[in-house]
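Throughout, residue positions are numbered sequentially from 1 according to the sequence presented. What you see below is based on every heavy atom in this structure, not just the backbone, and it leaves out hydrogens, waters and symmetry mates. Keep in mind the model is a prediction, meaning the values are calculated, not measured.
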Amino acid sequence: MYMRQCLTHPEHGYYTSRDPLGARGDFITSPEISQMFGEMIGVWFFALWLVQGKPASVNFVEFGPGKGTLMFDAMRSFGRLLNKREDPAKVKLNIVFVEASHVLRQRQAALLGDSDVDATGEFWKAKHRWGGDLLWVDTEKDVFEITHESDTNFIIAHEFFDALPINKFVKVDDGTWREIHVDQHPDTGELCLVRTPHETPMCSIVKTNPRYSTVPAGTVVEVSPDTAMYTATISQLITRNEKSTGGALIVDYGPKMGVPSNTLRGIKDHKIVNPFHDPGEVDLSADVDFQAVAQAAIDAADVSVVGPVDQGDFLEQVGMGTRLKQLEKHVKTENEREILMTGYKRLVEKNGASMGKIYKFMGIVPKGVEVPIGFDPLTKNDY
């Protein structure tokens, strides 16, 4: 599959061969814009931890953790709240990174580890700055192997699902489906999209799903089988223990409702580019189908789904405005104040190049758990 090879090929894949993040990379993510983003994630999980009876053994699991910035800020926030209310010695907090890139593993180890470690092996375990275990695994299935059934799993997937491979299909005039493949143009030799002349076995994905039965002819839809697989694992992890403690946050971009169509894009030097330009050197992404995520979560385990809600609304409800005022008291220069305010506005505002409306938050919790902060109870979906 084109997307999979371009992004995760062991030697030439975009994510496995470099650090793509930050001003010197091809894109910048919310945690790199302001520490407040990760801190609000920590606040959300702390509120969930309180609601669920303060479980004593917690794994913070992150899918696609980048440089580790989000987890660093979330753990710092969670730890600060924990120290105010409880004896931290009574709670064990582990960190598990689902990360295939050895380049990024080393960045994560340098930021969160309590000492210099080599995180480039198949499996590495260290201690993190807050005293618990820091572990890396290659796949989501490995999380089951290195954690205990009695543990509480708090999971975050930030800008993870948008990079999962998609399949594209188009509905033709007679109501049947055709798969859309990446091929080489016979005249120019350039990569391009082509429609198969007949239905392929993969067409059964859309042919058998009621969501697509009423779409008109000519509709192009994008489906990510990997999204369903990862979501199922997340649901199973947060319902693994007998006490039904756990929860997950999915943060990404895509429509709240409806099916994504023709959203495959390339990103290079902070600009949108042709996704078929320079394979392996360009980041590829597609809008996340949040409805498909919700359905896969509920099909896999006894969970409830909340959201998606706009990122700006979530961050404000969790307390980002209050945190901004706290940080403003400690700035020493007008330049520092401007940086702080610019980051805040970019994350919460809903106009221009800001992220407040483009990005969405979705929560997954065990069935029967109180709706966490940041989500209107009316956004709860039992599908």
Side-chain angles (χ1 to χ4, degrees), residues 29 31 38 41-49 52 55-79 82 91-101 104-105 107-109 111-113 119 123-161 163-164 226-227 229-241 243-252 293 296-297 300-301 303 305 361-366 369 372:
T29 61
I41 303 293
V43 170
W44 190 85
F45 280 118
F46 187 78
L48 188 61
W49 180 77
Q52 295 184 348
S57 182
V58 178
N59 302 314
F60 284 87
V61 184
E62 185 171 2
F63 288 68
K67 295 179 180 179
T69 307
L70 188 156
M71 185 61 74
F72 180 87
D73 292 332
M75 287 294 295
R76 182 177 56 188
S77 177
F78 190 100
L82 182 66
V91 185
K92 184 176 182 181
L93 305 177
N94 299 320
I95 298 173
V96 181
F97 284 146
V98 183
E99 178 61 76
S101 169
L104 290 175
R105 279 188 181 193
R107 296 292 298 271
Q108 297 151 10
L111 180 61
L112 288 102
F123 170 79
W124 261 97
K125 176 179 177 180
K127 289 292 181 181
H128 61 66
R129 294 173 182 266
W130 298 271
D133 293 332
L134 172 59
L135 309 102
W136 290 267
V137 294
D138 285 330
T139 73
E140 78 287 357
K141 297 297 183 183
D142 296 329
V143 180
F144 290 95
E145 301 298 324
I146 64 168
T147 59
H148 299 289
E149 290 186 8
S150 59
D151 291 349
T152 294
N153 293 311
F154 288 159
I155 300 173
I156 176 70
H158 174 256
E159 289 203 55
F160 173 77
F161 283 97
L164 294 180
D226 281 17
T227 290
M229 177 189 69
Y230 279 107
T231 304
T233 299
I234 289 172
S235 281
Q236 291 159 7
L237 282 169
I238 66 174
T239 56
R240 190 182 186 193
N241 64 66
K243 296 182 179 180
S244 293
T245 57
L249 276 180
I250 311 297
V251 189
D252 231 307
V293 172
V303 299
V305 176
F361 273 70
M362 174 175 275
I364 306 174
V365 294
V369 170

- Message: One pair to check against side chain to side chain contact (heavy atoms under 4.5 Å, CB included): L135 and I95. What are the steps and the verdict?
- Response: CA-CA 6 Å; L135 309 102; I95 298 173; over 6 Å; no

Practice task
Compare all side-chain heavy atoms of E62 with those of I155 and state whether any distance is below 4.5 angstrom.
Solution key: no

Note to self: Tell me if the NZ atom of K243 is crowded by more than 12 foreign heavy atoms within 6.0 Å.
What the structure shows: no

Taking every heavy atom of I364 against every heavy atom of S235, the minimum-distance pair comes out as CG2-OG, 4.1 Å

Sorted by chain and number, sequence neighbours left out, side-chain contact (heavy atoms from CB on, under 4.5 Å) with A232 holds for Q236, A300

- Message: I'd like to know if the side chain of R129 and the backbone of L111 have a donor-acceptor N/O pair within less than 3.5 Å.
- Response: yes

Contacts of S150 meeting side chain to side chain donor-acceptor pair (under 3.5 Å) (sequence neighbours excluded), chain-then-number -> none

Output for pair (F361 CZ, I250 CD1), nearest 0.5 Å, gives 11.0 Å

By side-chain contact (heavy atoms from CB on, under 4.5 Å), S77 pairs with (sequence neighbours left out) E39, V43, L81

| message | Is it the case that the side chain of T245 and the backbone of N241 share a donor-acceptor pair, with hydrogens and angles ignored and the cut-off at 3.5 Å? | response | no

Sequence neighbours excluded, the answer for side chain to side chain donor-acceptor pair (under 3.5 Å) partners of Q108 is E99, W136

Subject >> Heavy-atom donor-acceptor pair, N153 side chain to G246 backbone, under 3.5 Å >> reply: no

Practice prompt. Just do the ring pair (Phe, Tyr, Trp, His ring centres under 6.0 Å) check on F97 and F63 with the steps written out, would you?
Written response: CA-CA 6 Å; F97 284 146; F63 288 68; over 10 Å; no

Verify side chain to side chain contact (heavy atoms under 4.5 Å, CB included) between L237 and E140, making sure each step is shown before the conclusion. CA-CA 10 Å; L237 282 169; E140 78 287 357; 6.0 Å; no

Margin query: Side chains of T233 and F144, heavy atoms from C-beta outward: is any pair under 4.5 Å?
Written below: yes

With sequence neighbours left out, the residues meeting side-chain contact (heavy atoms from CB on, under 4.5 Å) with D252 are E159, F161, D162, V288, F290

Do L249 and I41 make a side-chain contact, defined as non-hydrogen atoms from C-beta onward lying under 4.5 Å apart? yes

Quiz prompt | Side chains of V303 and I238 in contact at under 4.5 Å (non-hydrogen atoms) | solution = yes

- F45 ring center near F78 ring center (under 6.0 Å): no

Of all heavy-atom pairs linking A301 and T239, the shortest is CB-OG1, 3.5 Å

A296 meets the side-chain contact (heavy atoms from CB on, under 4.5 Å) criterion, sequence neighbours left out, with A228, T231

For T69, the side chain to side chain donor-acceptor pair (under 3.5 Å) test, sequence neighbours excluded, returns E32

Do V293 and T227 touch side chain to side chain, with heavy atoms closer than 4.5 Å? yes

Side chain to side chain contact (heavy atoms under 4.5 Å, CB included) evaluation trace for F60 with I156
CA-CA 8 Å; F60 284 87; I156 176 70; over 6 Å; no

For W49 and L82, what are the C-alpha separation, side-chain angles and deciding distance, and is it a side chain to side chain contact (heavy atoms under 4.5 Å, CB included)? CA-CA 10 Å; W49 180 77; L82 182 66; 3.5 Å; yes

Discussion item. Walk me through whether T152 and R240 qualify under side-chain hydrogen bond (donor to acceptor under 3.5 Å, both in side chains).
Written reply: CA-CA 8 Å; T152 294; R240 190 182 186 193; over 6 Å; no

Applying salt bridge (charged side-chain N to carboxylate O under 4.0 Å, His left out) to D73 and not counting sequence neighbours gives R76

By side chain to side chain donor-acceptor pair (under 3.5 Å), D151 pairs with (sequence neighbours left out) S57, N59

With sequence neighbours left out, the residues meeting ring pair (Phe, Tyr, Trp, His ring centres under 6.0 Å) with F72 are W130

Test side chain to side chain contact (heavy atoms under 4.5 Å, CB included), reference P31, set K67, H158, M71, output is H158

Taken in chain and number order and not counting sequence neighbours, the residues that satisfy salt bridge (charged side-chain N to carboxylate O under 4.0 Å, His left out) with D133 are K92, K125, K127

